[in-house]
2 protein chains.
Amino acid sequence: MVVSRRAELMVQLLDALRRTGAWSVSMSQAAAERIGVNTTDLHCLNLLSDGPMTASELARRAGITTASVTGVIDRLEAAGYVRRERDGSDRRKVMVTLQVQRAAQDVAPVFRPFVQAWRGAMDDYTDEELELIATFLSRTQEVFQSEIGRMRAE
Amino acid sequence: MVVSRRAELMVQLLDALRRTGAWSVSMSQAAAERIGVNTTDLHCLNLLSDGPMTASELARRAGITTASVTGVIDRLEAAGYVRRERDGSDRRKVMVTLQVQRAAQDVAPVFRPFVQAWRGAMDDYTDEELELIATFLSRTQEVFQSEIGRMRAE
DNA sequence: TCCAGATATCTAGGAAACCTAGAGATATGC
DNA sequence: GCATATCTCTAGGTTTCCTAGATATCTGGA
């Protein structure tokens with residue numbers, strides 16, 4: 001059976017995406033261990049780097065219950081990585097803010113060697129090629145986001 | 001302060017990689033829930049799709065202890081997703097083999113809508129562009145692999 | 001050949017993190 | 001003003017993970 005070059009490429013690319021995801025999980029585990037937090041807590045720090053959010057929203061985005069997120073915030077706050085404060089306009093809400101300086105101080109050094117190696121691996125791409133890749137990642141993110149939304153809705 | 005276009009692009013790309021990793025975690029959670037396994041077990045299925053391996057190697061690659069992997073294999077075997085068999089040449093070893101047909105039957109449908117949507121998002125890339133992206137993912141994987149190795153070794 | 005040490009997996013028991021259920025505090029709309 | 005809804009937290013149970021050590025098997029040297 002003849003398979004088109006295109007179809008072959010798509011299978012190959014999908015496989016690469018799957019494997020990259022697997023390696024990304026391993027990287028998170030290794031980094032979390034170094035930093036001294038668990039992988040869920042590190043994932044939450046990652047999400048919080050998009051900006052402050054309420055405890056509920058963090059729970060929703062992290063895929064855990066609001067009961068569990070209380071523990072996550074407790075641990076991250078004790079470590080000094082986040083700040084918890086009541087929302088002024090709605091005092092039921094708890095805004096969780098990443099302590100950027102403090103978190104970067106502990107997290108950045110762990111990822112620095114990776115980032116440097118990865119920059120090196122990107123050296124021979126042209127700016128145009130990097131833009132193409134960035135767009136690819138954005139599109140992939142969008143698909144993840146909408147499909148996850150659909151999966152959770154159904 | 002003036003920042004080069006290049007440096008800006010790298011920061012942007014690194015950020016895209018970080019976010020994509022975060023979405024990938026959410027996708028795994030949502031998929032695992034649908035399939036009816038936990039995320040560790042799904043991660044192991046993912047690793048086993050590279051081919052059969054011993055219990056120890058699975059533990060090492062998944063980043064869990066050999067004690068924990070026993071439980072993982074127990075659950076996956078009970079669900080019919082893997083087979084456990086003693087290695088003929090070294091009877092201490094347990095080879096774990098993905099039951100491809102059986103696993104695909106339950107796992108593929110969960111990812112099918114994502115794959116279709118993602119294929120759609122890739123439609124307007126040329127074959128050459130897809131090859132570029134595939135190479136980018138391979139390189140990124142290699143960096144993950146070597147850096148994780150280094151992190152665990154130190 | 002036999003045995004000591006190494007290796008691979010599993011079992012037992014405890015710790016960590018997650019979940020469900022519901023309480024307490026605050027907000028909203030009639 | 002009060003009933004209902006929303007947001008976070010607490011309490012208690014479950015699952016999954018880990019550490020420690022048991023069991024089975026292999027390897028190499030006496």
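Within every chain, numbering begins at 1; the chains are lettered A, B, ... in the order of the sequence lines, protein sequences first and strands thereafter.
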Closest-nucleotide ordering on DNA chain C, the 5'-leading residue of B:R86 and A:V69 | B:R86
Using heavy atoms to find the nearest nucleotide of DNA chain C for A:V72 and B:E57 separately, return the residue whose nucleotide is more 5′.
->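 By nearest-heavy-atom nucleotide position, the 5'-most residue is B:E57.
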Honestly, is A:R139 close enough over B:Y125, meaning NZ or CZ under 6.0 Å from the six-membered ring centre and within 45° of the axis?
->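 Yes, a cation-pi geometry holds between A:R139 and B:Y125.
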In one Ile/Leu/Val/Met/Phe/Trp/Tyr side-chain cluster, 4.5 Å: B:L137, A:V25 |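 No, B:L137 and A:V25 fall in different hydrophobic clusters.
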How would you label the contact of A:N38 with the nucleic acid (heavy atoms, under 4.0 Å): base, sugar-phosphate, or nothing?
->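 Counting heavy atoms under 4.0 Å across all strands, the contact made by A:N38 is with sugar-phosphate only.
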Using whole Å, what does the distance between atom [atom2] of nucleotide [N] and atom [atom1] of [X] come to?
X	N	atom1	atom2	result
A:D87	D:dC7	CG	P	11 Å
B:E33	D:dT15	CD	P	16 Å
A:R60	D:dC7	CZ	C1'	14 Å
B:H43	D:dC17	NE2	C1'	16 Å
A:D90	C:dG24	CG	P	20 Å
A:D41	C:dA16	CG	C1'	11 Å
B:Q29	C:dC18	CD	P	10 Å
B:I73	C:dA8	CD1	P	14 Å

Phosphate oxygens OP1/OP2 of D:dC9: is one of them under 4.0 Å from a side-chain N or O of A:R84?
-> yes
Do the side-chain N or O atoms of B:T65 get closer than 4.0 angstrom to the phosphate oxygens (OP1, OP2) of D:dC18?
-> yes
Nearest to side-chain heavy atoms of [X], which nucleotide of [options]:
X	options	result
A:S68	C:dT26, D:dT19, C:dC19	C:dC19
B:R91	C:dT11, D:dC26, C:dC18	D:dC26
A:R92	C:dT20, D:dA5, D:dT16	D:dA5
B:T40	C:dA17, D:dT25, D:dC17	D:dC17

Contact summary for [X] and [Y], nearest pair of heavy atoms:
X	Y	answer
A:C44	A:L76	CB-CD1, 4.2 Å
B:S24	A:G21	OG-CA, 4.0 Å
A:M53	A:E57	CB-OE1, 3.9 Å

When the nearest nucleotide of DNA chain D is assigned to A:K93 and to A:A67 on a heavy-atom basis, which residue is associated with the more 5' position?
->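 This one resolves to A:K93.
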